[in-house]
Every structure is written in structure tokens, then in C-alpha cells.
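Below, read A as the first sequence line, B as the second, and so on, with proteins coming before strands; counting in each chain starts at 1.
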Protein chains: 2
Amino acid sequence: MAAVLPLIDLQKQARPHAWMNSIIKGDCVAALEALPDKSVDAIFADPPYNLQLGGTLHRPDQSLVDAVDDDWDQFASFQVYDAFTRAWLLACRRVLKPNGTIWVIGSYHNIFRVGAIMQDLNFWLLNDIVWRKTNPMPNFKGRRFQNAHETMIWASRDAKAKGYTFNYEALKASNDDVQMRSDWLFPICSGGERLKGDDGKKVHPTQKPEALLARIIMSCTKPGDVVLDPFFGSGTTGAVAKRLGRNFVGIEREQDYIDAASARIASVEPLGKTELTVMTGKRAEPRVAFNSLVESGLVKPGQILTDARRRHSAIIRADGTLTSNGDAGSIHRLGAKVQGFDACNGWTFWHYEEAGVLKPIDDLRTIIRNGLPKAD
Amino acid sequence: MAAVLPLIDLQKQARPHAWMNSIIKGDCVAALEALPDKSVDAIFADPPYNLQLGGTLHRPDQSLVDAVDDDWDQFASFQVYDAFTRAWLLACRRVLKPNGTIWVIGSYHNIFRVGAIMQDLNFWLLNDIVWRKTNPMPNFKGRRFQNAHETMIWASRDAKAKGYTFNYEALKASNDDVQMRSDWLFPICSGGERLKGDDGKKVHPTQKPEALLARIIMSCTKPGDVVLDPFFGSGTTGAVAKRLGRNFVGIEREQDYIDAASARIASVEPLGKTELTVMTGKRAEPRVAFNSLVESGLVKPGQILTDARRRHSAIIRADGTLTSNGDAGSIHRLGAKVQGFDACNGWTFWHYEEAGVLKPIDDLRTIIRNGLPKAD
DNA sequence: CACTATTCTGAATCATCAG
DNA sequence: TCTGATGATTCAGAATAGT
């Protein structure tokens, strides 16, 4: 296994690892041994969906399971699929950074087993995301509902991992300024995007749309991050990662897929820095202490602050704290106290008066952040 | 356990069993012993979700979120939850007719375990159905996607059961003559439908909307069939079953819920057959986010948008936001910003050029909408 | 009464940093 | 690893209050 096919170097620096931006040929679990612990920022996995349906069943080593009896076979099928799932998920978990996250896509045939095993392995589920297809295949026999969606599970490495990347502001801004929901609408991969061989036949049976991968990669990674796809197939993950300025690692067993994916990725043109910049919120801004407003003279000791409706008021003290009716504390503590709350964002709660108009002191923080005008 | 509370007899014939159209008080598994083998046509189960909540959660306005922390939703571990799930599913399977089907609803906290166990117990999964909520609770901390759906699993008793009821034509006719998809859109239960006590507080924390149950019961049962709900709660299943001319059996442990459900069901008037077909409302025009245009390739990152008179311009970024002269934001925010306004409809303000002609990006939204299939 | 503004709420695994 | 301080964060719809 593991013939390493180096492809490109997105970052135009010395490639830190031989496996970076390459497709590793081999079985998923074995090939992952080429990667160090905690070396990838995100994983997108599109594992085999259904090993019990089509009559044939393959073990992790691809040997055919010889079905003997219906009942026994069904039990054995799930067992084998579970063992396979457990193995690749464990291998993925080892190479995932502590603050990395993993996506797994599946259908009702396999996603419940996958999800339960992920929980058993201490992955911490963050969301299940529904990919609603605009153009799903009809149900031909009319004996079920049209299977019009697939399910993705998004999870962090464990419950304690709070620092995972989630570009909340960017997703919200791109979604008409309301937060992104767990149900996404995309067409299936078809038309020019669908890879086809010389015979005109599709290269891969389950090629995922680039739009889907784009939203995934934009949501949970930063430019320069490493995205692993342990079931690389036609290389959608790699193509989108490259376009979005991310690094990728693919694992794939079949040479035909590797060839198609390599050519596909080679033709991808990465986007520029301007296009890749994403919206960030206040979280990403540097912290400013209220005291620096006092020190810079934007507010003065003795000055009175009120809430937006003048129901509460407080006096600024020289040390950058507030006092009101015998209570005192930071802008946050005192804001909480006067309202009887546990917590309060003093920056948006307290207002100062300018030309008869009340403005939040957050406006003054913005002045500090943007750089004070030069004064003597 | 098992004090039988007979309620009504929908079919106006001699009640064939004491438990028909009644609520059995007791633990789910034990109470099911009151029912013979293969005695119900359909099951709707809304088991505890096993939410694992950390502390308290406040909205941005500091109000407290009334979380589901009831005793019945507390389980010591996944192992304990799995054992519980296995037990009630097995008991349900015994009383289900060979051609009966079962629905189980859950969230990502529990549905994967439930689904895997159903497969292990030889239930045969027919569909997973997504209930998309029109008005889900937001994600208040901005650390995840808004959890905007719940998942239902629809399964037959075993793989060989081919004769289950599925009212394909009725569903299709009610869905603008296209087959019913696996993603359904309904509001959460609120307003007058939501049961409230004398204190004005909700009777049950997780009351399901009647519209959801109506579609379920209409899809897989016939008038006169028996629908079992092993976690009866506020009795939505019973109320809808009665309205739709089906029989029901409910199992519930808590007397408060039983009392509320009994009164609720007593006040239900069964509908005539004619009225049963007008249950699906007309679907609102789907909202399309600007990012869908980027993701679908109708516009590209790096592309320049202008206003109709080319006085302002902006560059599209990969995350679906715009940037212009150092400012950035959604199509609406940046449109407002460059004009010095508070608000702006970005869809009509921003234009793209095609064959030398400026067209509003709203035209592209129309393309997306026209590509949408009929749903809900 | 009509209309507007405000408040309330829903199955939620919901923060981060310095010390 | 724990504690305390800082300060970031919400959408749709219904109910209620105010004009």
C-alpha cells in the first residue's frame, strides 16, 4: 500500500510533510499510519453506505463475505460493517487535532450505525446536517417516500474540545444575516461538474457536489488548514480544498479514482486572499479594557453612564470601574447587578450622552480599536 | 401498573379489547404486556431523547431557556439508554402486526442509537424522514448550526414484510401531484394547539404538532386501524388518530399527562373522509440565501457586482459575503453601507453583468427557485 | 377597534481567557 | 485542572401591552 503521489503544494512553501496535498493509495486504516498523531484540522468522510443491501458484502480487506443463511447473514453483515466503521473512525480520531472536527455523510442504511459508533468512540456530536437534494432520484415503485436527502454528522474529537473552528459570522452573513440552519439545499452532482470517463460513463457512482464540500470546508476550517478525506473517490474534497486555499490529504484504494482525482485537482485554480477572507465578529477583535477609554480621555472619571432607557445610571471612577447606589464593579458586573442578572455585556448596556443622544460605550471601543486619532 | 382508563370507542362498535382507545398507565414495557401479539397496525414512538445538558443557558437578553431536564430524560450512560431502547423496541415489535410499521422520532442525541438498535432487532428501515421546523429555537451562542430539524425513522417489522400500508397516491395528490419527499416542513407546536395548565405553563415540554402526526397517520394507516403510542405524553397521537377515524392505544407513566391527554382527546371531533384531504397548506416561496448563488456557481468568488448605475462596486468572496474598499458584509449590509443607509435590499441593489447588460442578482435567485422541486 | 411596539418562548448536548 | 473575570450571543411566531 501507500504509494505516495505528491500533487501540488498549495502554500508555496517547503512541503512540511510528504503526505500533504497528496493522495495516499491504500486501505484507509493502513494508509492513515503514514500520518502522525493530531496532524489534520478537519476530516470529511464519505464511507461506503450500505454493505447489507445489494446481496454482496465485503470485509474491510475487500474479501467477499459468503452469505449462508438470511438471519445469520444479516447479523453478520452489521457486525462486519460496524467493525469496519469502528476501525476507520479510530484511525481518523488519532490523526485529528484536539480542536479538529470530523464530518461523515451517509444515508439511512448506514448513518445510524456510524453515529452510534462515533458516540461510543467519544466523538462529541455537534450537529446532524441534512443535505436536501433539489433533484433526488424518484422512488420508482411507489412503496416509500422519495429518498430526498442524505445525513451528515459533524463532531468534535471529544466533549471537552471547545476551541474548534466554526466560522459562524461568515455563514450568517452569507445566509441573509440569519444563522445557518441544519438543513441545506443543494443539487446532486451532475452536468459539467460530474467527472466522466472516455466512455462517457461517470467515473464515480457517488461523486459529491462541490457546493456541499465548499460549505463544509468554509464552515469549519481556516485557509492553510489540512483537510483529510479517507474515502477520496473522485477527489471532490481535494478540489474544493485547493480552490479554497486549504491543504488536503486523500486516501483511496483504486487507481482509476486516483488518476481521475489527480487530474481534476491539478486543473483547479486557488482563489486569492481577498476572496478567501471571511466575515468575523466581535469575538475575533482584540480585547479592549474599559479603563483604556478612561486613560485615553474618551470618557472621564465622574461622568455618568446610563442604560439605553435611562432606567439605570452609574458614575465612572478613575480606576475604570463604575459605581451606583453603593454598588461598584466592572462595567459588566455592575450592569448585571443593577438589572438583577447573572451576566451582562457592559459594552452594549451602558450608554454615554453626546449632543443629547445616548450612544453605547461600545462605539468608543471601536474608536480605540481603529486607532485613536493622534493627539498632542 | 396498568390501570386501564377507557376513553371512547371511535368505531361505534363493540370494543374488541379493553385497551382500545384508552391510555394505559404504567411503564412502557410492562404496560405493553396488556396487549396481545400482533395487535396494532402502526406505532408512533417519541421516546426520551437523552439530552445531556451542561448548565443553564441564557438567551442574549439574559432570559433563561426552559430546558428539558425532566427526570424521564435522565440516563446514566449510553449503555443504560441502549438497554432501555432495546427493551421498549422489542416489546413494541411483539405487538406490531406483521405488516405493521413503526415510526420513531428523535434528535442527533439519540436517533443514531435508536436506528442502529432497530436494525439490530431486525426492523427493516423504509425511510428516514426529516421534520424541518419553520421556527426552531436559535443557537444562542453561535457555536453550532441552528438545530432546525428532527429525524424520524419509518420501519417495517422485518425485511420480508412487503404488504405494509403506504398511501402513496393520496400523499402524492396532496403534494401537488409529485411524490412526497423525505423532508417535511412544519412549524413547532405553539399557539392555541399547545396544551397549557391553569398556571399558563405548558403541560408537556415536547408536545408534537398535530400536522406532523396527521401526515404520519395518513401515510401508513387506514381508517379503523389501531395506532399505538408507547410514550403518549400530551396525547397528540391519540387526538389525531381520533380525528382521522383511527383507533389508538396510549401508554403513559405520569398521571398529569394522562389527565391532560384524556380531556384533549375527549374534545376531538372525528372528521369526515372529505375533510381529510385538505391538510397540507400551500408552501411559501422558499427563501434563498446569496451563498446559494456562490455555491451553485451562478456567481463566482472574485466576481464584481455593481449597483444599477455602476456608482458602487463590490467583490464577491468565497463565503458568500461582499467586500468593497475595506468594508465587508452581507449583500444587504454592504449595500446599505456603500450608500450610507441603514438598510438595503441587496437582491435588487447589486447587479451582475451579462453580455454587457447589468441585471439584478435577484434574477439569479429566481433561477435557483425555479430549480426547486415541489415539496411540503 | 385598529395598529404598533414589546415581551415571551421553543427537545439545547451553546465561551474563552488569564492567573 | 480549576476559578474568576470578561463579554459574546437569537429567529419566528404568538401573546400581550400600549397608542
So what does [X] touch, heavy atoms closer than 4.0 Å: a base, only the sugar-phosphate, or nothing?
X	value
A/Arg181	nothing
A/Leu125	base
B/Gly192	sugar-phosphate
A/Asn345	base
B/Asp69	nothing
B/Trp72	base
B/Pro136	base
B/Thr56	base
A/Ala289	nothing
B/Pro209	nothing
A/Cys344	base
B/Ser107	nothing
B/Asn50	nothing

Do [X] and [Y] touch side chain to side chain, with heavy atoms closer than 4.5 Å?
X	Y	value
B/Gln52	A/Trp124	yes
A/His312	A/Lys337	no
A/Phe112	B/Leu125	yes
A/Gln179	A/Leu171	no
A/Gln339	B/Gln62	no

Could a donor-acceptor pair under 3.5 angstrom be found where the side chain of B/Arg59 meets the base of C/dG10?
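For B/Arg59, whose side chain was compared with the base of C/dG10, there is a donor-acceptor pair (under 3.5 Å).
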For the base of D/dT9, is there a side-chain donor-acceptor partner from A/Glu169 under 3.5 Å away?
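Not at all, since no donor on one side and acceptor on the other fall under 3.5 Å apart.
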Tell me whether the OP1 or OP2 atom of [N] has a side-chain N or O from [X] closer than 4.0 Å.
X	N	result
A/Lys172	D/dT10	yes
A/His332	D/dT6	no
B/Lys202	C/dG10	yes
A/Ser330	D/dT6	yes

If each of B/Lys196 and A/Gln119 is mapped to the nucleotide of DNA chain C with the nearest heavy atom, which maps nearer the 5' terminus, i.e. the 5' end?
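Per heavy-atom nearest nucleotide, the more 5' residue is B/Lys196.
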If you find the nucleotide of DNA chain C closest to A/Arg309 and the one closest to B/Leu51, which residue's nucleotide is nearer the 5' end?
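Taking each residue's closest nucleotide, the earlier one in sequence belongs to A/Arg309.
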[options]: which one has an atom nearest the side-chain heavy atoms of [X]?
X	options	value
B/Ala67	C/dA11, C/dA12, D/dT10	C/dA12
B/Pro60	C/dA11, C/dA12, D/dT9	D/dT9
B/Asn135	D/dT6, D/dT9, D/dA12	D/dA12

Distance-only polar pair, side chains of [X] and [Y], donor-acceptor under 3.5 Å:
X	Y	answer
B/Asp256	B/His204	no
A/His332	A/Ser330	no
B/Arg194	B/Ser234	no
B/Arg59	B/Ser63	yes

Nucleotide paired to [N] in any strand shown, Watson-Crick or G-U, under 3.5 Å:
N	value
C/dA11	none
D/dT16	C/dA5
D/dA8	none
D/dT1	none

Take A/Arg333 and A/Asp177, find for each the nucleotide of DNA chain D with the closest heavy atom, and name the residue whose nucleotide sits nearer the 5' end.
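With A/Arg333 and A/Asp177 compared, the 5'-side residue is A/Arg333.
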If you find the nucleotide of DNA chain D closest to B/Gly191 and the one closest to B/Thr134, which residue's nucleotide is nearer the 5' end?
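It is B/Thr134, whose closest nucleotide lies nearer the 5' terminus.
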What's touching nucleotides 14-18 of chain C from the protein side, N or O pairs under 3.5 Å?
residue : atom : partner  : partner atom : Å
C/dC14  : O2   : B/Asn139 : OD1          : 3.2
C/dC14  : O2   : B/Phe140 : N            : 3.1
C/dC14  : O2   : B/Lys141 : N            : 2.4
C/dC14  : N3   : B/Phe140 : N            : 3.0
C/dC14  : N4   : B/Pro138 : O            : 3.4
C/dT16  : OP1  : B/Arg143 : NE           : 3.3
C/dT16  : OP1  : B/Arg143 : NH2          : 3.3
C/dT16  : OP2  : A/Lys162 : O            : 2.9

Distance, [atom1] atom - from [M] to [N], rounded to whole angstrom:
N	M	atom1	value
D/dT6	C/dC14	P	24 Å
D/dG7	C/dA11	C1'	28 Å
D/dT9	C/dT9	P	24 Å
C/dC1	D/dG18	C1'	14 Å

How many Å lie between CZ on A/Phe349 and P on D/dT6, as a whole number?
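Taking CZ of A/Phe349 and P of D/dT6, I get 16 Å after rounding.
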Ring pair (Phe, Tyr, Trp, His ring centres under 6.0 Å) partner of A/Trp103, chosen from A/Trp154, A/Phe44, A/Tyr164, A/Trp131:
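Only one of A/Trp154, A/Phe44, A/Tyr164, A/Trp131 forms a ring pair (Phe, Tyr, Trp, His ring centres under 6.0 Å) with A/Trp103, namely A/Trp154.
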